[in-house]
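Reminder, nothing fancy here: chain letters follow the sequence lines and each chain counts from 1.
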Protein chains: 2
Amino acid sequence: MKNGPARRQVFRLSRERRVADIMAAARDVFREKGYEDAPMSDIAERANVVEGSIYRYFENKRDLLVKVIEDWYEAMLADYDQQLSGIRGTRNRLRFMIWRHLMTIHEEPALCDLMFQFLRTGRDYSHTTVYELNKQYTRRTLDIIKEGIAAGELRNDVTLRLVRDMIYGCIEHHTWAYLRGEGQFDPDTTADSIVDLVLSGLQIRRTPQGPDLADRLEKAVERLENLAGKPAL
Amino acid sequence: MKNGPARRQVFRLSRERRVADIMAAARDVFREKGYEDAPMSDIAERANVVEGSIYRYFENKRDLLVKVIEDWYEAMLADYDQQLSGIRGTRNRLRFMIWRHLMTIHEEPALCDLMFQFLRTGRDYSHTTVYELNKQYTRRTLDIIKEGIAAGELRNDVTLRLVRDMIYGCIEHHTWAYLRGEGQFDPDTTADSIVDLVLSGLQIRRTPQGPDLADRLEKAVERLENLAGKPAL
DNA sequence: ATCTCTTAATGAACACAATTCATCATTTCG
DNA sequence: CGAAATGATGAATTGTGTTCATTAAGAGAT
């Protein structure tokens, strides 16, 4: 019998259980330390496995990150349709989508950060599941816009892609600014403001034909006055 | 005399020249390979120095990246005010800012990428020079909005921060989508569309009861006229 | 010119983290 | 119960950023 260094007791779990353990540990460590500052050794320790074991279930560190984000994202979107289906009216539905996105970033800033910084920038992003999920997610917003157009409430001469970029770009830009200390975070009023801006724009709405209307009224009254002033009786 | 390995000829240059050489090399390598995939050895080789020498002028790899981006950003913003000062009118000035930003991203996608991905996400971003430059840069857009408000052209009940987030968020979101293959890139029409969307919003402007109201009033007066004209005789 | 003295550049050595793999423990199955 | 299959291990490897003792180049004095 060789007297080597003490070997840790080996536990054998089901594949699903091991994967779940590692992903849970990875999610926690990534949340706390980000991607680059999260050593595999930390993840292994928290998952009660040894570093090398992680590579039996995940190709590499990045793959682990991708799986973690996918898992979270998918779960988050699960009951989305249901919530949305209970809301009526273009404005309300749009507001919900914006509010929901703001809340998500507020609840999981670290994971959102990882997603935007490390997944979305990767060369292969457009071939990932996260890309598809995200597309599916933003498509709902565009569907709301389309319905608004079909109902004659919204302009039909805008590029839908740009509207999407404007809404989501605004939310994200706003959130990063908040995360580095600019202003406060109030999903309710922010959502209201964004919907209002997107729908109404910046320009002051001149009541068109305003002066014209006044003219016409004045002329009508004049006719009345003339009529009344005459020796009609 | 020791017969060690051949030692490379040592060139001594002015500090400015060395720094400039290293930064130029770093800029090129970063542009080609990104941040993480750009080894210091490549940068050193291209700058004709040895790896260790870089650390006489830069604290570490990140510091080098920061300096490179700063340098580029500063140069880019240099003749900005001058260009803008030649443009009149809220809409045109706003359009220029948007167009200019689109062009910048189009001309230097790699450096913009680095800036967004590695600088803006850093913990210390809000204490960097790039942060200040960027603030100063976006402030001009907000100044244009403020002038529009002062001139009575734009609504005064919007959060300026949100308008900024909407404009820049939209541009950036749009650009990343483009960079990963969605749609084309046409700074001119895109700038037009964004300005239009920001100023006018999505909602169809109902002439609010304009003609309708006038019609109804005129008819009422007509009835009065008829009434007054009849039993009078 | 020659001889210090200061300073810059060097590249070998270090440190640290991701990844691999030969080895051994555990389970499964005949 | 024994043998094969499978899974976990952790030591070794690799790659890369960073450090530092050593050495070369230039400046100034004699």
Side-chain angles (χ1 to χ4, degrees), chain A residues 1-26 28-30 32-68 114 118 122, chain B residues 1-27 29-30 32-68 114 118-119 122 124:
Chain A
M1 176 181 172
K2 198 170 66 174
N3 201 358
R7 193 182 177 97
R8 159 204 306 225
Q9 164 100 34
V10 172
F11 294 104
R12 293 205 165 182
L13 299 157
S14 72
R15 181 177 182 85
E16 290 75 29
R17 176 67 197 280
R18 250 305 117 96
V19 169
D21 280 0
I22 294 173
M23 278 177 58
D28 292 348
V29 176
F30 284 145
E32 279 174 30
K33 305 196 172 185
Y35 179 69
E36 307 189 82
D37 293 337
M40 292 297 264
S41 55
D42 275 28
I43 297 171
E45 194 180 4
R46 189 165 320 201
N48 270 99
V49 293
V50 118
E51 293 183 51
S53 299
I54 298 177
Y55 291 86
R56 298 200 69 72
Y57 303 100
F58 302 92
E59 275 186 43
N60 49 41
K61 193 178 176 183
R62 185 180 161 82
D63 180 49
L64 179 56
L65 175 72
V66 171
K67 296 264 170 63
V68 164
L114 289 170
F118 293 102
Chain B
M1 176 182 172
K2 196 169 68 173
N3 201 355
R7 193 182 176 96
R8 163 204 302 226
Q9 163 101 34
V10 172
F11 293 104
R12 292 204 165 183
L13 298 160
S14 72
R15 182 179 182 85
E16 290 75 28
R17 177 67 196 279
R18 252 303 118 94
V19 168
D21 280 0
I22 294 173
M23 278 177 60
R27 181 162 36 74
V29 177
F30 282 145
E32 280 173 31
K33 306 195 172 187
Y35 179 69
E36 307 190 80
D37 293 337
M40 292 297 266
S41 54
D42 274 27
I43 297 171
E45 194 180 4
R46 190 167 316 203
N48 271 101
V49 294
V50 117
E51 293 184 51
S53 300
I54 298 177
Y55 291 86
R56 297 201 72 71
Y57 303 100
F58 302 92
E59 275 187 42
N60 50 41
K61 193 178 176 184
R62 186 180 160 81
D63 180 49
L64 179 56
L65 175 73
V66 171
K67 296 265 170 61
V68 164
L114 290 170
F118 293 102
L119 291 206
D124 53 346

In whole angstrom, what separates [X]'s [atom1] from [N]'s [atom2]?
X: A:Asp21; N: D:dA8; atom1: CG; atom2: P; result: 11 Å
X: B:Tyr57; N: C:dA9; atom1: OH; atom2: C1'; result: 8 Å
X: A:Arg17; N: D:dG7; atom1: CZ; atom2: P; result: 17 Å
X: A:Glu59; N: C:dT20; atom1: CD; atom2: P; result: 9 Å
X: B:Met40; N: C:dT10; atom1: CE; atom2: C1'; result: 15 Å
X: A:Ile43; N: C:dA17; atom1: CD1; atom2: P; result: 12 Å
X: A:Asp63; N: C:dA18; atom1: CG; atom2: P; result: 15 Å
X: B:Glu51; N: D:dC20; atom1: CD; atom2: P; result: 16 Å

**Message:** Under 4.0 Å from OP1 or OP2 of D:dT19: is there any side-chain N or O of B:Tyr55 that close?
**Reply:** no

**Message:** Please determine whether a side-chain nitrogen or oxygen atom of A:Arg18 lies at a distance below 4.0 Å from atom OP1 or OP2 of D:dA8.
**Reply:** yes

**Request:** Would you check if the side chain of A:Tyr35 reaches a backbone N or O of A:Arg62 as a donor-acceptor pair within less than 3.5 Å?
**Result:** yes

**Message:** For a quick check of understanding: with a heavy-atom distance under 4.0 Å over all strands, which category does A:Ala44 fall into, base, sugar-phosphate or nothing?
**Reply:** nothing

**Message:** Within a 6.0 Å radius of atom CD on A:Glu45, are there more than 12 heavy atoms belonging to other residues, nucleotides or ligands?
**Reply:** no

**Message:** Using the side chain to side chain contact (heavy atoms under 4.5 Å, CB included) definition, which of the options A:Met40, A:Arg18, A:Lys61 pairs with A:Ile54?
**Reply:** A:Met40

**Prompt:** Given that A:Lys61 and B:Ser14 both sit by DNA chain C, which one's nearest nucleotide is further toward the 5' end?
**Reply:** B:Ser14

**Prompt:** Measuring from B:Ile22:CD1 to B:Arg46:CZ, what's the distance to the nearest 0.5 Å?
**Reply:** 14.0 Å

**Item:** Selected nucleotide, minimal atom distance to A:Arg56 side chain, candidates D:dG7, D:dT18, C:dA8
**Value:** D:dG7

